[in-house]
Amino acid sequence: MAKWRLATATLRRHLQSQSPTISSFKDPTKYLSLAAVAAVHQCRGYSTAQTDDSSGKWVTLPSFYPTVNGTAVGKELTSDGDSIKGSTDGSNTTALRWILRCRPDLPRTLVQKLFRLRQVRREMSVSCDGDELQRSKLKRVAAKESLNVGDRIFLPLSVDNGAPPQQPADKKESFRCSEEERKFVCSLVLYKDPSIIVLNKPHGMAVQGGTGIKTSIDELAATCLTFDKSETPRLVHRLDRDCSGLLVLARTQTAATVLHSIFREKTTGASAYGVKKNIKSLKRKYIALVIGCPRRKKGQISAPLRKVVVDDGKSDRITVDDNGELVSTQHAITEYRVIESSPHGYTWLELRPLTGRKHQLRVHCAEVLGTPIVGDYKYGWQAHKTREPLVSSENTPTKQSSSPFGLDLDGGDVSSKQPHLHLHSKQIDLPNISQLLEKMEVSSDSDISDIGSLKFDAPLPSHMQLSFNLLKSKVDETCDKN
């Protein structure tokens, strides 16, 4: 209660004060909590303050306020406890961390040098008598000293003169794209709120850049998906380049931290001896078309995976490690269920990954179930060598003249000689992050056990829908003949 009164008094002091001198560097409000943002908006930036114990002027950072500890909140959301309390990152926020958070344009080496030269000052909030906030005189502060609510940090004016202009770490260089390409990227958005964006990623589009990749979701997000935010959307999980379906992006650093923690806890919470069940935890469902049919209609695959290097180190692949004793081995669990089998040798599967390992679903289908996914030439090459394209009685759709970013959005179904990968991220259930953060901003001790869930469903890509229609028509033809 004392900390809350102290924070309230600090905010009131900001609101009643006149606007100080405006500095020319970046607005820090996106790094602060709601209360701090209100104060900083009133101040319109940082101030240049004249103090009693120094004749010089200082660059004043915003008063310290605890921010949401996204990692802790993510862990609590996936815990088995009945009552879930939010967490703030205030007890262990040091002067160094606060400066770097408020001034991402300053190199870390420069800030550390200021501490070594004892040029950083701290103004402490020592008491709160009613609505009057009592502050101490400026004193030197060490880099690792923890801050209290309402404390302010003062830096020498030389930081603005000597610091080289740098792009914020979260600001990526915008990727140049045409208006048609921009509209295509925006058309992928299924859902958007202040904290997250959910896309229906097409087949063939890489999520992250790398060798041989010209365009990726990560790059395009900075150009096409910022909308009303100053921050660039961040990836919080991955999909294979040839996999289609739901992809979640975080719109703020705090939302990204919470989501990273949720995805990570989903994997670490699952073990060979059991799976932690929690209604708040992440739930994902994939749809896949495989060659062949599993022996059992449903089950749980618990098979550790490891990476092996092939082609003299030129590439690598994931394989099941039967021993599971190597350090590089990662445990992986997948639940599966047969949706429908076709007399033509194909089966539709529902896959639920309880862990998030690289190529987990593809390897489990190919090596454990013995039914590689259609279009997976990395792990199911042998099955594709003997596979015959399914003859279609329908007219082959005309190929479009061009597709955005060179994507192959036509064909690719089971009637093709080289079908696309038939793996689709169909559904995702996750906690309402925007609602969670709003509640945490009001009070860090809020009970977040009643936070709602968001459920998303992505329609099948064209090549999988074509395969579904073709297999269904073949079954209907067989029934008519009989």
Side-chain angles (χ1 to χ4, degrees), residues 3 6-7 9-15 17-54 56-68 88-126 133 135-166 168-170 230-231 253-254:
K3 287 186 176 181
L6 180 61
T10 304
L11 176 59
R12 185 178 290 109
R13 178 175 177 271
H14 277 296
L15 296 175
S17 63
Q18 295 182 352
S19 298
T21 305
I22 301 177
S23 297
S24 60
F25 40 80
K26 303 292 183 182
D27 180 12
T29 56
K30 62 184 180 181
Y31 302 98
L32 308 179
S33 62
L34 187 62
V37 167
V40 176
H41 279 187
Q42 173 68 15
C43 296
R44 304 293 296 173
Y46 301 92
S47 65
T48 304
Q50 183 85 20
T51 62
D52 295 335
D53 62 6
S54 175
K57 293 184 178 180
W58 300 86
V59 174
T60 310
L61 300 188
S63 299
F64 169 69
Y65 284 89
T67 55
V68 176
T88 54
D89 187 15
S91 59
N92 57 353
T93 299
T94 62
L96 175 62
R97 289 178 61 187
W98 184 244
I99 293 174
L100 294 175
R101 184 179 301 169
C102 294
R103 291 295 304 267
D105 58 309
L106 296 179
R108 187 183 185 94
T109 54
L110 174 61
V111 178
Q112 291 173 331
K113 182 178 180 181
L114 292 176
F115 279 109
R116 289 198 303 270
L117 296 178
R118 307 179 72 184
Q119 293 182 354
V120 184
R121 300 290 187 273
R122 172 188 188 180
E123 184 184 63
M124 299 180 63
S125 300
V126 293
L133 183 66
R135 291 188 174 273
S136 65
K137 292 184 177 182
L138 297 192
K139 295 183 179 180
R140 294 188 182 94
V141 61
K144 295 184 179 181
E145 283 189 35
S146 297
L147 299 181
N148 299 319
V149 175
D151 287 359
R152 290 192 296 182
I153 296 295
F154 293 78
L155 303 177
L157 285 177
S158 59
V159 296
D160 289 335
N161 300 327
Q166 290 190 352
D170 67 313
S230 59
E231 294 184 70
Q253 178 61 60
T254 303

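In this chain, numbering begins with 1 at the start of the sequence shown. What you see below is based on every heavy atom in this structure, not just the backbone, and it leaves out hydrogens, waters and symmetry mates.
Interatomic distance, D151 CG to L61 CG, rounded to the nearest 0.5 Å: 12.0 Å. Between the CZ atom of F64 and the CZ atom of R122 there is a distance of 9.5 Å, given to the nearest 0.5 Å. Rounding to the nearest 0.5 Å gives a distance of 12.5 Å between CZ of R97 and NZ of K144. Within the model, atoms CH2 of W98 and CZ of R152 stand 13.0 Å from one another, a figure rounded to the nearest 0.5 Å. How far CD1 of I99 is from CD1 of I153: 5.5 Å, rounded to the nearest 0.5 Å.
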Chi angles and distances behind the side chain to side chain contact (heavy atoms under 4.5 Å, CB included) call for K139, M124 = CA-CA 9 Å; K139 295 183 179 180; M124 299 180 63; 5.7 Å; no
Query - Worked verdict on V120 versus L155 for side chain to side chain contact (heavy atoms under 4.5 Å, CB included) - result: CA-CA 5 Å; V120 184; L155 303 177; 4.0 Å; yes
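The minimum heavy-atom distance between W58 and R121, with the atom names listed, is CH2-CG, 3.4 Å. Residues Q253 and E231 come closest through the heavy atom pair N-OE1, 3.3 Å. Minimum interatomic distance between L114 and P156 (heavy atoms only, all atoms of both residues): CD2-CG, 3.9 Å. When all heavy atoms of P62 and C102 are compared, the closest pair comes out as CD-SG, 4.1 Å.
Remark: the backbone N or O of F154 is not paired with any side-chain donor or acceptor of E123 at under 3.5 angstrom.
Looking at heavy atoms from C-beta onward, R103 lies out of side-chain contact with V111 at the 4.5 angstrom threshold.
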